[in-house]
Trainee: 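Sharing a structure here in structure tokens format.
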Amino acid sequence: MTATSPSPASVETAPALELRDLEVSYRVRGIWREVLRGVTLSIGQNEAYGLVGESGCGKSTAAFAALRYLPRNGRVMSGSIRIDGEDLLSLSEDDVRKMRVDKVSMVYQNPTAALNPSIRIGDQVAEVFTLVGVPGKDAHERAQEMLAQVQISDPASVMRRYPHQLSGGMNQRVVIAMALATQPSLLILDEPTTGLDATVEGEVLDLITGLREEFKTSLLFITHNLGIITKMCERMGVLYAGRLVEEGPVEEIFKRPSHPYTVGLLRCIPRAGARKDREKLDTIPGFLPQLGAELPGCVFTDRCGLAQEVCRQQEPPFHRVTEGHCSRCHFYDKAQTVPRATDPVPVAREALPDDPVLRAEHVQKTFQQEGNAIRALADVEFTLREGETLGLVGESGSGKTTLARLLIGLSSPDEGSVVELDGDQLAPTVRKRKRDQVRALQIVFQNPDSALNRRFSIHRIIGRALTMLKGEKGEEREEHLRQLAHSVRFDVRLIGARPSQLSGGLKQRVAIARAFAGDPRIVVCDEPTSALDVSVQAAILNLLVELQAEKKVAYLFISHDLGVVRYLSDRIAVLYLGRVMELGPADKVFDSPQHPYTEALGSAVRTIEGEEDLRIRLTGEVPSAASPPSGCVFHTRCPRYIGDVCKTQVPEFKEVEPGHFWRCHYSAEELREIQRTRPTARSPADTTAAGSAAAPDGPTHSGDGAGSPRIEE
């Protein structure tokens, strides 16, 4: 596990950011409630520092304090903040604004929300240069140059577009361009890749790494994706309930975590090879303390498996574990012996039946946009058996959510598409389906905040679903409601609360309870854990496994987190430009031989194991569905490109091994040999003429017009 960025600058220079005994409070209902509890950390010049912890630990508060950008009800109660040696708290408002322009910038989690939807991209980027005195025309020229610098192709065209006309990855690049336009000495990144596909995430992280080296910028990287920390940062801090509980070199902490909370976070992650039929994921019991809670001892006591009386009475000091590695735990030397909170024994499952509960055949969906036909889905075929999980993966724009909406009847497929439930053809829209069919097909959306009515109590949200789906009323409904709450591990005492009063994990449990209200046969899970902390994610995944075994429900599980997909799925379908490129058992899809697109997706995943970076970098954006490439639709980006056969002939969807299908001109034997001997490759966009000879010792394809694949030495 080796960080790719340069080591910290000499200690002779002032740190890029230094927090000393920083205490921050929020005023809630007239009472000041402590959020940050004496946080001390420093980030050296040209150093990358990662800050991790669950939602509500104070990570974003620390970032906003470093910008002196706290909300109106927030206040720094004590401590100091220094940027390049300057005391931020003593500066005037004008000086603070100037510092934000000259020395420190921030990249927010949601790039679309960070950009003004009514202003063109070029004007928004140019405004940054205008703020530092660059004249209007020159500002637009500099803006175009900056967009090119963040690897946006055709920046002149992008300058004329609005944010909604760009993909999430493109918008994030625009935000990064704006943040780096003034070459700040400190760049704060608050969950900059949450919600991005693995390939786009990899591109954004590579971009940040390259620009950091070019501009000699220091980073404060806030994320709940611990795999990213291993790639991007040299040092890291673990924040819990506003207290820094562990700090040190990234490699040291991941190899030797010395606080029970850090150990718990690492155990929650589905490691390479983790599967639901092998073991349950571990979780961290309990919940974060309430905002402003009095915590006289160790802040983690109530959730710690090693806690003793001394932990409740005395706050532990920062013990030195090794050089530069400190832990705030009385028993730091025993941290790795903390007992599991979850029994690892996997949930027992019955054998899957042969007959499918759902069958999709020749499924197509075409949208009309500005007179153009957009083929979002093209001849999608799959089956789903009772009690089975089919994982659905692919980049944004591949058609995953379109397929989900079509299955549950929120969107109608093209004529000729077949979607059957227990052998009966489903009506195209939910309004035309029978009640039993509506009950049988339910969905859990990615964002419970948008999916749950904020005006309704949890009691009304779940109760309404029981009435509409099963016709239950009165005491029967109340009893079933309590059973549902218990089945998803939701505290019945919170049943009268509204969604805004709950944490993200609790809200997602409510969304799952509502989906199970009608005793469904199939539940479509559309990115249900992507925005959750690893601890909450582990609890939700365990819950889904338990509910599946108990109720024999089938899942169509959509996610860009391939580690989660591999853990939960029995089979996996890989979607690209509306087409199924690969379909098969989870272990076969993730192990060689793989379709080249699956191979590229898998290589982009950042793991906490920190293996050598052998990522296959796909060049270019996903082609437009209005004008897909000829032949194999993936040939314009394929790292295993052959030649003319890829451009002229559409590969058939063939069975290459028992139960394993893909859409590629290669045979399984050819790809297995290539992927075994040549771990990295480049796409045809990185070479000279498509189809010309490449590595002389590469395997030769037998198809007409095929040359040797282009493989990197």
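Remember, predicted model here, so these are calculated numbers, not experimental data.
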Trainee: So does Asn542 have more than 12 non-hydrogen atoms from other groups sitting under 6.0 Å from CG?
Mentor: yes
Trainee: Check whether Arg340 reaches the backbone of Thr342 with its side chain - one donor and one acceptor, N or O, closer than 3.5 Å.
Mentor: yes
Trainee: Hey, mind stepping through Ile81 and Arg68 against side chain to side chain contact (heavy atoms under 4.5 Å, CB included) and telling me if it holds?
Mentor: CA-CA 9 Å; Ile81 305 169; Arg68 218 171 95 176; over 6 Å; no
Trainee: Answer yes or no: is there a donor N or O on one side and an acceptor on the other, between the side chain of Ser218 and the main chain of Gly44, under 3.5 Å?
Mentor: yes
Trainee: Could you give the side-chain donor-acceptor pairs of residues 327-336 under 3.5 Å, partners two or more places apart or in another chain?
Mentor:
| from | atom 1 | to | atom 2 | distance (Å) |
| --- | --- | --- | --- | --- |
| Ser327 | OG | Ser258 | O | 2.5 |
| Arg328 | NE | Leu244 | O | 3.0 |
| His330 | NE2 | Gln314 | O | 2.8 |

Trainee: For Glu191, check salt bridge (Lys or Arg N to Asp or Glu O under 4.0 Å) against everything at least two apart and list the hits.
Mentor: none
Trainee: Above 12 or not: heavy atoms from other molecules or residues under 6.0 Å from CZ of Arg464?
Mentor: no
Trainee: Does Tyr567 have any ring-ring contact (aromatic ring centres under 6.0 Å, His included) partners at least two apart in sequence or in another chain, and if so, which?
Mentor: none
Trainee: Does Asp570 reach the main-chain N or O of Thr389 with its side chain, forming a donor-acceptor pair under 3.5 Å?
Mentor: yes
Trainee: Within the supplied structure, the quantity of interest is the number of heavy atoms (other residues, nucleotides, ligands) at a distance under 6.0 Å from Glu294 CD; does it exceed 12?
Mentor: no
Trainee: Check whether any side-chain N or O of Asp343 sits under 3.5 Å from a backbone N or O of Val345 as a donor-acceptor pair, and report yes or no.
Mentor: yes
Trainee: Give me the atom names and distance for the closest heavy-atom approach of Ser559 to Val393.
Mentor: O-CG1, 3.6 Å
Trainee: How long is the gap from NZ on Lys552 to CG on Asp519, to the nearest 0.5 Å?
Mentor: 13.5 Å
Trainee: Applying salt bridge (Lys or Arg N to Asp or Glu O under 4.0 Å) as the test, list every pair that has at least one member in residues 49-60; sequence neighbours left out.
Mentor: Glu54-Arg303
Trainee: Determine which pairs satisfy ring pair (Phe, Tyr, Trp, His ring centres under 6.0 Å) with at least one residue from residues 523-545, sequence neighbours left out, and list them in order.
Mentor: none
Trainee: For the backbone of Cys311 and the side chain of Thr301, can you confirm whether one donor and one acceptor N or O come within less than 3.5 Å of each other?
Mentor: yes
Trainee: Hey, is the main chain of Arg37 close enough, under 3.5 Å, to the side chain of Arg243 for a donor-acceptor pair?
Mentor: yes
Trainee: Run the side chain to side chain contact (heavy atoms under 4.5 Å, CB included) test on Val488 and Phe516 for me, step by step, so that the C-alpha distance in whole Å, both residues' side-chain angles and the decisive distance to 0.1 Å come before the verdict.
Mentor: CA-CA 10 Å; Val488 299; Phe516 276 83; 5.8 Å; no
Trainee: Between Gln508 and Pro528 (side chain of the first, backbone of the second, donor and acceptor by atom type, cut-off under 3.5 Å), is there such a pair?
Mentor: yes
Trainee: Between Met106 and Phe64, is a side chain to side chain contact (heavy atoms under 4.5 Å, CB included) present by the stated rule, with each step listed?
Mentor: CA-CA 9 Å; Met106 186 166 180; Phe64 285 123; 4.1 Å; yes
Trainee: Arg312: which residues meet the salt bridge (Lys or Arg N to Asp or Glu O under 4.0 Å) condition with it, sequence neighbours left out?
Mentor: none
